[in-house]
**Q** 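Okay, here's the structure, questions in a sec.
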Number of protein chains: 2
Amino acid sequence: MASSDPVYLRVVDDLRRQIVNGSLAPGAVVPSRAQLTRRYGVGETAARHALRVLTTEGLIFGRVGSGHYVRERATLVPLHRSRFHDHHAPLAADLHSQGRRVSWVWRVERVRATPELADRLRLPEYAPIVRTRHIYRSNGKPVQLTWSYEPAELAEGQPVPAEGTDSRKSVVARMAAVGLNVTDIVETVRTRVPEPAEIDALDLCAGVHILHLERTHHAGSRPLETSDTVVPGDAFHLVYTLRP
Amino acid sequence: MASSDPVYLRVVDDLRRQIVNGSLAPGAVVPSRAQLTRRYGVGETAARHALRVLTTEGLIFGRVGSGHYVRERATLVPLHRSRFHDHHAPLAADLHSQGRRVSWVWRVERVRATPELADRLRLPEYAPIVRTRHIYRSNGKPVQLTWSYEPAELAEGQPVPAEGTDSRKSVVARMAAVGLNVTDIVETVRTRVPEPAEIDALDLCAGVHILHLERTHHAGSRPLETSDTVVPGDAFHLVYTLRP
DNA sequence: GGGCGCAAGTTGGAGCTCCAACTTTGACCC
DNA sequence: GGGTCAAAGTTGGAGCTCCAACTTGCGCCC
């Protein structure tokens with residue numbers, strides 16, 4: 001019976017139960033503030049609080065003027081992080097293999113290494129580097145943001161491709177072209193709250209976390225390229241294939 | 001100057017800015033409700049709302065009777081998911097290699113496969129399986145929860161170890177003992193909101209997401225074991241080493 | 001039958017208030 | 001000096017209200 005102390009939690013717990021057990025199906029309308037106050041005999045504040053909690057939990061969403069609805073959990077799309085290393089746009093290759101179309105734009109800039117980037121690329125601080133920005137879209141919707149960085153000296157010998165949506169070779173291929181062999185790739189994964197700019201760029205709704213991937217290509221112990229990738233946590237899951 | 005339309009956002013944005021740029025250092029007290037109403041000339045509701053938003057963002061936390069404080073972001077502890085496959089407690093081995101001590105408890109049960117588990121282990125529904133529960137602690141604090149499942153027929157030939165904190169061999173080693181070679185391990189990573197039981201078991205504070213790892217050991221295409229692991233997203237990041 | 005417009009319902013922002021439970025601080029007393 | 005206690009401040013729960021902006025559905029009129 002465990003009637004949790006705070007009143008609003010009674011409402012939250014009951015609605016959450018209904019959502020997870022399916023009696024409130026995805027797309028269904030959630031009782032409105034007015035209805036909740038009557039049904040549960042609570043005040044406006046508690047009803048409102050309950051709806052807000054469920055919203056930040058990502059279980060429901062509100063449409064002003066209309067009502068709250070149960071979020072449909074789009075089944076997470078797998079990103080195969082152990083594959084497509086030799087592709088110029090791994091995400092596109094991966095999703096394409098699953099029957100999805102992806103478009104992207106990118107641009108290249110010459111900048112100087114921040115302390116953190118200098119550390120990641122094992123360069124002196126303020127060393128010149130080449131920064132590439134990728135924005136991937138699936139059906140027009142932005143799904144992945146990537147910053148990629150490589151030492152300017154390595155980018156030097158390579159053909160500078162036109163910006164925009166043209167093809168560009170993979171890191172592995174580009175490095176091979178200047179005689180460097182990528183021997184291993186180290187990728188770290190974390191989850192965090194998106195920054196305002198990321199919420200904007202990825203068109204995220206309230207409460208959605210992101211997966212932040214930091215990937216570095218090495219030749220032996222020498223870092224050749226490092227990148228930061230951000231994908232919405234409610235749309236993707238990552239797949240790694242490992243050998244014991 | 002982009003003074004965001006809603007008043008509370010002005011407060012949120014300003015406080016967030018101060019936190020990320022460091023003028024509100026970790027551990028520092030955040031202005032109280034009363035102070036916010038005066039400083040920003042807003043009402044109680046807006047001040048309260050602003051503090052709640054920053055709390056669910058994980059930037060601050062409130063201590064009743066005392067005040068709100070800037071959360072110190074413990075640097076994320078790396079979990080090396082590509083290593084320690086042959087260790088009976090990969091997490092412990094990993095953290096131990098980083099100079100941390102980890103303790104754990106576990107218990108084994110015989111249950112029947114749910115549809116989802118049957119699918120993951122390629123077994124008929126309701127097939128008998130052996131379920132193992134692990135709870136890992138670091139300095140007494142729970143840091144990882146794992147459910148592990150394997151077909152009962154595979155667990156059969158193996159010695160049943162005493163429950164508790166004793167050692168148990170790794171999946172790879174145990175399977176090798178019955179003549180099965182683990183050829184590859186597939187791991188998926190997603191982030192999500194913790195379930196109430198997980199909040200409880202991991203002692204999570206508001207707004208913290210978790211990383212959910214689903215790992216399956218295969219011999220060829222035959223699944224030998226599958227597991228679900230949950231770690232707090234504000235304490236760990238995952239590290240994968242890949243080869244191109 | 002089809003289109004228009006209004007009324008009712010809904011969200012989200014914002015304001016105010018009361019209170020229990022707790023921490024902190026400072027003053028006072030021994 | 002050290003310990004105790006009360007006052008002040010703080011969070012978090014809960015209640016009520018007003019309002020702008022929006023959606024929706026019903027009824028009415030052409």
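Nothing here was measured: the structure is a model prediction, and the numbers come from that model. The sequence lines fix the lettering, A, B, ..., with proteins before strands; numbering per chain opens at 1.
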**Q** Could you state the CG-C1' distance from L54(A) to dT11(C), rounded to the nearest angstrom?
**A**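 Those two atoms, CG and C1', are 15 Å apart.
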**Q** Whole angstroms only, please: what is the CG-C1' distance between L36(B) and dG12(D)?
**A**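 In whole Å, dG12(D) C1' and L36(B) CG are 15 Å from each other.
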**Q** Taking the side chain from R100(A) and the backbone from N139(A), do they hold a donor-acceptor pair closer than 3.5 Å?
**A** no
**Q** I want to confirm an ordering. Mapping S66(B) and R52(B) to their closest nucleotides on DNA chain D, which one lands closer to the 5' end?
**A**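 Looking at the nearest nucleotide for each, S66(B) comes out on the 5' side.
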**Q** If you count every heavy atom of other residues, nucleotides or ligands that lies below 6.0 Å from R133(B) atom CZ, does the total exceed 12?
**A** yes
**Q** Could you state the CG-P distance from L51(B) to dG13(D), rounded to the nearest angstrom?
**A**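 So the CG-P distance, L51(B) to dG13(D), works out to 13 Å.
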**Q** Does CZ belonging to R17(B) count more than 12 external heavy atoms closer than 6.0 Å?
**A**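 Yes, because the 6.0 Å sphere around CZ of R17(B) holds more than 12 heavy atoms from other groups.
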**Q** For a quick check under 3.5 Å, do T226(B) and T216(B) share a side-chain donor-acceptor pair by atom type?
**A** yes
**Q** Please report the closest heavy-atom contact between L51(B) and P31(B), naming both atoms and the distance.
**A** CD2-O, 4.2 Å
**Q** In this structure, how many angstroms lie between the P atom of dC22(C) and the OH atom of Y69(B), rounded?
**A** 16 Å
**Q** Who are the ring-ring contact (aromatic ring centres under 6.0 Å, His included) partners of H49(B), not counting sequence neighbours?
**A**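 For H49(B) the ring-ring contact (aromatic ring centres under 6.0 Å, His included) partners, ignoring immediate neighbours, are Y8(B).
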**Q** Is S32(A) near enough to dT10(C) that one of its side-chain N or O atoms lies under 4.0 angstrom from OP1 or OP2?
**A** yes
**Q** Could you state the CD-C1' distance from Q35(B) to dT10(D), rounded to the nearest angstrom?
**A** 10 Å
**Q** Expressed as a whole number of angstroms, how long is the span from I60(B):CD1 to dG12(D):C1'?
**A** 13 Å
**Q** Has H68(B) got a side-chain N or O lying under 4.0 Å from the OP1 or OP2 atom of dT11(D)?
**A**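 Yes, within the criterion.
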**Q** Could I get a table of every N or O pair under 3.5 Å where one atom is in the protein and the other is in nucleotides 14-18 of chain C?
**A**
unit_1: dA14(C); atom_1: OP1; unit_2: V7(B); atom_2: N; d: 2.1
unit_1: dA14(C); atom_1: OP2; unit_2: V7(B); atom_2: N; d: 3.3
unit_1: dA14(C); atom_1: OP2; unit_2: Y8(B); atom_2: N; d: 3.1
unit_1: dG15(C); atom_1: OP1; unit_2: G43(B); atom_2: N; d: 3.3
unit_1: dG15(C); atom_1: OP2; unit_2: G43(B); atom_2: N; d: 2.8
unit_1: dG15(C); atom_1: N7; unit_2: T45(B); atom_2: OG1; d: 2.3

